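Scroll down for the structure; my scribbles are underneath it.
Every number for a ligand or one of its atoms is a count from 1 in the order of the listing. For clarity, every value in this text was computed on a predicted model and none was experimentally measured.
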Amino acid sequence: MILSTIVIALWGFISFTTADSSNSTTDAATTSYVPIFQNAIPPALTIGVEQLPNINNDSAVDANVAAKGYSVVNITNTARGLTGILKLKSATNIYGYDFEYLNLTVEYQSEQRLNVHIEPTNLTDVFVLPDELVPKPKIDDDYDFARSDLVFEYDEEDFGFEIVRSSTGETLFSTKGNPLVFSNQFIQFNTTLPQGYAISGLGESIHGSLNEPGLVKTLFANGISNPIDQNDYGVHPVYFDQRYSSNTTHGVFWRSSAPQEVVFEETSLTWRSISGVIDLYFFSGPDPKDVITQYVSQIGLPAMQPYWALGYHQCKWGFETIDDVIDVVDNFKKFDIKLEAMWSDIDYMDSFKDFTNDPYRYPTDKYRKFLDDLHENNQHYVPIFDAGIYVPNPNNATDNDYEPFHLGNETDVFLKNPDGSLYIGSVWPGYTVFPDFLSNNTQEYFNILFKDWYNRLPFDGIWADMNEAASYCVGSCGSGRYFDNPVQRAGYRFSDQNSYPKGFNVSNATEWSSISKSIAATATSTATTISTSSSSSLSIDAKNTLAPGRGNINYPPYAINNMIGNHDLAFRQISPNATHADGTLEYDIHNLFGMLEEKAIYHALLSFRPNKRPFIIGRSTFAGAGKYTGRWGGDNFADYYMMYFSIPQAFAFGSFGLPFFGVDACGFNGNTDMELCSRWMQLASFFPFYRNHNVIKAIPQEPYRWEAVISATKTSMDVRYSLLPYYYTLLQESHVSGMPILRALSWQFPYESTLSGVDNQFFVGDVLIVTPVLEPGVNYTKGVFPGNGDIYYDYYTHERQNFTTGKNETLDAPLGHIPLHIRGGYIIPTQEPGYTTTESRQNPFGLIVALDAKGRASGKLYLDDGESVEVEESLNVDFVASNNKLVGSSFGQFKVDQPLANVTVLGVDSKPEKVLFNNNTAHFDYTNKTIFIVGLDKIVGNGTFNKEFTINW
Ligand SMILES: *[C@@H]1O[C@H](CO)[C@@H](O)[C@H](O)[C@H]1NC(C)=O
Ligand SMILES: *[C@@H]1O[C@H](CO)[C@@H](O)[C@H](O)[C@H]1NC(C)=O
Ligand SMILES: *[C@@H]1O[C@H](CO)[C@@H](O)[C@H](O)[C@H]1NC(C)=O
Ligand SMILES: *[C@@H]1O[C@H](CO)[C@@H](O)[C@H](O)[C@H]1NC(C)=O
Ligand SMILES: *[C@@H]1O[C@H](CO)[C@@H](O)[C@H](O)[C@H]1NC(C)=O
């Protein structure tokens, strides 16, 4: 759900405020992204203080040149490494007060992991990230110190350290020669990199898969629509450094929730943070997939998703009534396009209030019946949930009825101002407060409200939006101001800016009488109702000055390049000085808000459905969020470049431990068209999370809107649903090991330097390679097919391809066709597609056996009930083929009744005389060097996979 829309709306609004605000929204409506609501808060509260990002400031002091650094005064060896004291050589206090003494701790934690921890000797006024918020990687007690792959070395006089890979002698990381800067509001270290490095990671931002010289990555959560190269929804402070000179890859994770910035230069990487301590983890790999799994298994393995999550999801913002939603579900059925889950954006809410539904447009009984009907048809429903909780007007009886505020207020679960008053933000419903996930009662608060909501309207998952968390005031809007809180006017029909949702005057009679008067008054009142409040940013005039203790929290002396608005850290976000229950400042853990909310939702859902896997799709994530949530890419744009970026974005999230990823197919912001939507529905069908969603007011883009999109979508959905057993097996692999599902070619073939940064193609698991069309007006695409003597088969025709290793092959790709190839040497399980995942699971299985040059192949299948958190019974089947024989052997108790019906063997040079299944003659056809064994179910009966079986040809 949108933020750019409102950002642009607000820009429009701000730039026209000197005129007449009701005219301004009309004017802004002529831009391509029109405002959809008129924010009732005084515009001056939304602006803040203009910041000049340090990286754009030519006269800024260069800390690397000016700082004097530290020297080592003491080193003591310990059982697992060493500890020492560093002493400041001379204070320069460039962007904060320098700490005089630092403690250094180096710990060899496992064969592949080393931790370097540097913090002030005196931790008064220092934020140290607690283990409970972001768990520390654990020490492996079993490993032999001497076998460590990584070695720590340091310089004493001018302290600097390096990490060396012991097997190759290569320096992986070195701050030697550059001063360490460590002050209360600025930490910096600078490491050398080899020329022409291949580094990925450091999220999140919309970017290709490799970082390059000149790039500055800002790590600060904000809610803006997918800006290129800038900070976006979440923060993942980790990078992966792939070195073709030695064919090794390592990873570096800074376990810090602070606002950060990373500068990439020709041969160096400079990492800055404006709070916290240094807590670096080095992962030695040596292959890219090793590094990723080593990292992900430490931050938290991804949640196992329910089986149904792999089905197709449909959403749109702007379904005015429940009937609109019902129509869409019916249309899918009518056009026979698969639909697993229907979603709702904020339309369903009563004036955008969490835990409510509009009594007139989404009346509970009709809404409830709709959900019951969906469930009857094995379909699912996922509503949006926003981070801000509406603050009702205590002087207005119907408004003041809003229990979620009162319950939270009574149990003290909301974020505070520094003076202890409620921190009042502003989001969709008007003035809001924000749950404080550091408060003891917040989990129980969520448990109660989610359960109550579920009992009324039994949803199947939650879409956690706006959880950076967004807030439109800069600073607290001001306690007390909510007494005049007008409900936001929603633009369900853009052409009628001043209209409230249909039926609003009936369902919200009290508000309506006051609001209809206030509409006319809004424009003039905005200029006069601003009264200063204790915590409003407007009262802050000190800017970018050094301050002792915690320093200048709202306007730190080092201004990171927070891309949104005028770079004020509080612009459209909860302010840095908002205060959590234990006194923790939002400044230090802003980047964790989304993850802590997703965690609380996860546990709330479990609290009333204890053994059903919670299904959550979140927007703001941090390292470890994958334990609780999947991700969609955020508010993208309906354009080809954005479709391309979905691929490197999927690689990034896979490496961040969020493999259950997908983007809004056909594009969110702006109008899509037939060709783009056709291409995108096909590309998106290979992403683990497959959803189409778009913004209010943009033309509808359900796949049935265009004939060509219908057929393209059906083709790809049939492929996807056939592959569900394969995808589920990959989901489970990522859940137990951290292995991504969509994989870069450079991860699959780590020693082929020409594949570095290839991100117009991807692998699904190890087997399938997808080569999409990413531009308009063409009927071909290009891709590479790596490996030395590897065989690739066309998925659709089964034909063996004559690809040349290293050559860019041109592939036919008329509209409606997305090239898909199978790599020889693998076996994938399939199942006949049904309308839903539940129906698909009732159908017979198949196997695709793609032989390599030596006639061999292998693969596996994982199955369980598809929904248990604690899986008691599961089934693993291993498939191995060689010498014209396939053996399937299984272990585990989970029973599958469905038979194996078809086996397709690709790459068989001559027609076999006969095919035997467990010594019974099986029917088969042979064409194109492919054996099609069909109708096996007639001779094998049910439950083939529960026993060992053999097929000979
Ligand atoms: C809009 O602007 C016009 C021209 O300045 C003015 O006459 C009118 O009163 C304004 N307000 C509305 C609501 O149209
Ligand atoms: C990092 O260190 C290198 C080598 O000393 C230097 O050239 C570069 O300017 C430094 N970068 C920053 C951002 O300080
Ligand atoms: C250095 O270590 C020695 C012995 O471990 C200890 O006696 C001494 O106090 C330490 N010096 C400092 C400055 O910490
Ligand atoms: C730093 O080390 C000193 C000396 O070993 C110790 O007294 C002090 O408690 C340490 N500080 C922290 C924050 O661990
Ligand atoms: C730590 O720093 C605080 C604040 O500067 C100071 O009050 C305190 O005395 C210091 N503690 C020690 C042990 O030096």
Exercise. Could you tell me which atoms of ligand 2, counted from 1 in the order shown, lie closer than 4.0 angstrom to a heavy atom of T270?
Key: 1 (C), 11 (N), 12 (C), 13 (C), 14 (O)
Quiz prompt | Close-contact set for ligand 4 against E119 heavy atoms, below 4.0 Å | solution = 12 (C), 13 (C), 14 (O)
Practice problem: Answer yes or no: is there an ion pair linking R572 with D568, defined by an N-O contact shorter than 4.0 Å? | Solution: no
Exercise. Identify, by atom number and element, the atoms of ligand 2 in contact range of N190, meaning under 4.0 Å from any of its heavy atoms.
Key: 1 (C), 2 (O), 3 (C), 8 (C), 10 (C), 11 (N), 12 (C), 14 (O)
Quiz item: With the threshold set at 4.0 Å, does a side-chain nitrogen-carboxylate oxygen contact exist between D98 and K68?
Solution: no
Please tabulate, one line per pair, the protein nitrogen or oxygen atoms found under 3.5 angstrom from a nitrogen or oxygen of ligand 5, with distances to 0.1 Å, or say none if there are no such pairs.
| from | atom 1 | to | atom 2 | distance (Å) |
| --- | --- | --- | --- | --- |
| ligand 5 | 2 (O) | N122 | ND2 | 2.3 |
| ligand 5 | 11 (N) | N122 | ND2 | 2.9 |
| ligand 5 | 14 (O) | N122 | ND2 | 3.4 |

Practice problem: Could I get the full list of side chain to side chain donor-acceptor pair (under 3.5 Å) partners for N441, not counting sequence neighbours? | Solution: none
Quiz prompt | Proximity of Y751 and Y244 rings by center, below 6.0 Å | solution = no
Quiz item: Which of the atoms in ligand 4, numbered in the order shown and given with their element, are less than 4.0 Å from a heavy-atom of N103?
Solution: 1 (C), 2 (O), 3 (C), 8 (C), 10 (C), 11 (N), 12 (C), 14 (O)
Exercise. Could you list the residues that satisfy side chain to side chain donor-acceptor pair (under 3.5 Å) with S205, not counting sequence neighbours?
Key: K217
Practice problem: Evaluate the ring planes of W254 and F189, with Trp represented by its six-membered ring, and classify them as parallel (under 30°), tilted (30 to 60°) or perpendicular (over 60°). | Solution: tilted
Practice problem: Name all residues meeting the side chain to side chain donor-acceptor pair (under 3.5 Å) criterion together with Y108; count only those two or more places apart in sequence or in a different chain, and write none if there are none. | Solution: none
Quiz prompt | Centroid separation Y295 to Y281 less than 6.0 Å | solution = no
Quiz item: What are the atoms of ligand 2, with element, lying closer than 4.0 Å to any heavy atom of R272?
Solution: 13 (C)
